[in-house]
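Only heavy atoms go into these numbers, but all of them, side chains included; no hydrogens, no water, no symmetry mates.
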Amino acid sequence: MRKRSGRPPRFAAVPNETVDDALSFDLEGLGLLTVVLRHRDGYDITLQEIAEKYGYGRDGLAGAWGMLQVARYVIKVKIQWAGDNQWSTEVVVYDTPATDDEVKELLASIAGEPNVRTVKLEPPTKSARERAAKHAEKVEAKRKARRERRKVDFDVPGQSAGETGRGRGRRRDGGEDQGGGAAAPAAAPPRKAPAAKKQAAKKREPGRRLTQQEAAAVKQVETAFPQELQLPSYRPPVLRDAILEALSARPLDVVVERVKRRWWKHGYEEAVMPGGKGIGSAIGVAVALVRPSMDCPDPMCEDGVVLDKGVPCRACEQRKEDRKRPVPGQRGRASEDQGDGAPAPRRWKCRECKKPGKPGTDAPDGGLCSPCRDDEQEAEAAAARLREELAQAEERQEAEREWLARERWNDLVENAYWEHAEREREAAEERERHEAQEQRKLREAEERRLIQEQIARENPELLAYSQSAASA
């Protein structure tokens, strides 16, 4: 079968709607469609060759090919040529399902080509239609079961309106304190009001398109991500939802400034530099750059700064001090202050991950904790393996270069010998032609001499005439 392109190429990758079309084909069909879209026009499609290349069976690929034909990603046509009345099969591949108008236009364009007598559409087989219907039913059943699955509510009920009083002079029942030091009269505990159900944050519903304002705001936040992050062209829903959640609580300029600030403050800029530890997941880092902070209870706190006042957040500063404070040991141990005025010993920190070590222990050689030391050893082993692989690759390339040099030299020598032999042959042929020409001239001269002698013997009177003519 010979391939044709159904449309001019528009994308370097498969469109998102095609990747999400789970009702039409499975992962095997998606991979087969990607392989066929990758090839240029005129490619001879052989399922056996594709199966051997990617380690699949031909029968499995044939089933996936039939599903693609049922979904109209692949249109198969048969063409009869006017020259020899022979039939040939060609397939037209689309990155999205072909419409009826596109199929009609395709048949008309092929029929208008020169030397084409008949063109007809080849429908999918019965087994292909049954396989596609069975696959669609299976996917729909799983989707229905997932929708009907019971959802677990992880929301923690909040306090009631009467339990939210703060400061002195408040009681749980909401009444005022009746005296400076006098106890309030005993009363029956108030009836606890039912806790208000916590409303989940509004998220983007699946399948809903963003409004123009939302799309523009998301685009501006995405432009704030550094180029060194190397985000994929396709933005996954988790990143888009994180941006929308951040924009629901903060203005656009604050979110953009948050992304830029966290990039260098959290050490990502240093990690992507040459010699840095690198970034494991670009999407995970992007979500960490944009999502709201969950550490501080103050809703106006933005990474340690109160937005409406522009002052450092006291809760964040207190939390930092608590983290720096040494953890006391068990009662009676020497790790805590026993009252003699000696301060508690400082805990060493890993120079890589900054995690504190165990109290009462000395920092190991190199100042690394066990996980960081294992990572460093793995990195050194990987670097050693990489150096060994590069050395082996260099040796192979050097051997290949030497072999190519020998082959070129042998070719040069062989060509030189051949040219020399050819010149010798041409010279020998030229000598033979020259000798043959000389022999022919000698024979012709001898024949003229013999003819003249014969004429002189037969006609002696002409001899005197010829002599007188020669003397005159």
Side-chain angles (χ1 to χ4, degrees), residues 224-232 236 238-239 242-243 245-246 257-297 301-305 312-331 333-337 342-394:
F225 290 120
Q227 296 182 356
E228 294 82 0
L229 191 56
Q230 296 181 356
L231 288 172
V238 62
L239 178 56
I243 296 176
E245 182 180 2
E257 184 64 26
R258 175 193 298 173
V259 173
K260 297 179 179 179
R261 179 181 61 255
R262 290 182 179 180
W263 174 250
W264 61 267
K265 188 175 181 181
H266 291 187
Y268 297 121
E269 183 180 14
E270 183 180 356
V272 299
M273 293 179 65
K277 63 181 181 180
I279 292 177
S281 172
I283 298 300
V285 172
V287 173
L289 292 176
V290 75
R291 68 183 177 185
S293 177
M294 300 297 179
D295 297 335
C296 186
C301 177
E302 178 67 23
D303 292 344
V305 178
C313 178
R314 296 181 60 185
C316 293
E317 290 182 351
Q318 184 64 36
R319 187 173 64 255
K320 291 180 181 178
E321 293 296 331
D322 294 341
R323 289 178 178 176
K324 294 179 181 179
R325 187 177 304 165
V327 179
Q330 295 181 359
R331 181 174 298 176
R333 296 185 60 180
S335 61
E336 64 175 302
D337 190 358
R346 294 182 59 85
R347 300 172 62 180
W348 62 273
K349 290 185 179 180
C350 176
R351 64 179 175 85
E352 184 67 25
C353 64
K354 308 303 180 184
K355 291 183 179 179
K358 294 182 179 180
T361 60
D362 297 332
D365 296 339
L368 295 176
C369 61
S370 179
C372 293
R373 187 165 56 252
D374 295 340
D375 293 342
E376 185 179 27
Q377 293 175 357
E378 291 180 2
E380 292 177 355
R385 290 193 300 269
L386 179 59
R387 288 193 297 268
E388 184 179 357
E389 292 176 359
L390 292 176
Q392 293 177 358
E394 183 65 25

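Q377 pairs by the side chain to side chain contact (heavy atoms under 4.5 Å, CB included) definition with R373, D374, not counting sequence neighbours. Contacts of R291 classified as side-chain hydrogen bond (donor to acceptor under 3.5 Å, both in side chains), with partners at least two apart in sequence or in another chain: none. Contacts of A282 classified as side chain to side chain contact (heavy atoms under 4.5 Å, CB included), with partners at least two apart in sequence or in another chain: L229, L231. Among residues two or more places apart in sequence or in another chain, the salt bridge (charged side-chain N to carboxylate O under 4.0 Å, His left out) test is passed with D303 by R261, R262. Checked against side chain to side chain contact (heavy atoms under 4.5 Å, CB included), K277 has the following partners two or more places apart in sequence or in another chain: A271, E352.
In terms of heavy atoms, A246 sits closest to R258 at CB-NH1, 3.7 Å. For the pair V290 and A242, the tightest heavy-atom approach, listed with the atom from each and the gap, is CG1-CB, 3.9 Å. Taking all atoms of both residues into account, the shortest heavy-atom contact from A224 to V259 is O-CG1, 3.9 Å. A286 and F225 make their closest contact through O-CE2, 3.7 Å (heavy atoms, listed as atom of the first residue, atom of the second, distance). Of all heavy-atom pairs between W263 and L289, the closest is N-CD2, 3.7 Å.
No more than 12 heavy atoms of other residues, nucleotides or ligands lie within 6.0 Å of CD in E270, so this atom counts as exposed by the packing criterion.
Taken from CZ in R351 to SG in C372, the straight-line distance is 8.5 Å, to the nearest 0.5 Å. To the nearest 0.5 Å, atoms SG (C369) and CD (E376) are separated by 10.5 Å.
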Can I get a per-line list of side-chain donor-acceptor pairs under 3.5 Å for residues 380-394, giving both atom names and the distance, sequence neighbours left out?
from, atom 1, to, atom 2, distance (Å)
E388, OE2, Q392, NE2, 3.4
E394, OE2, R401, NH2, 3.2

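The side-chain heavy atoms of C353 and P371, taken from C-beta on, include no pair separated by under 4.5 Å. Contact annotation: the side chain of S281 never approaches that of V287 to less than 4.5 Å [non-hydrogen atoms, C-beta and beyond].
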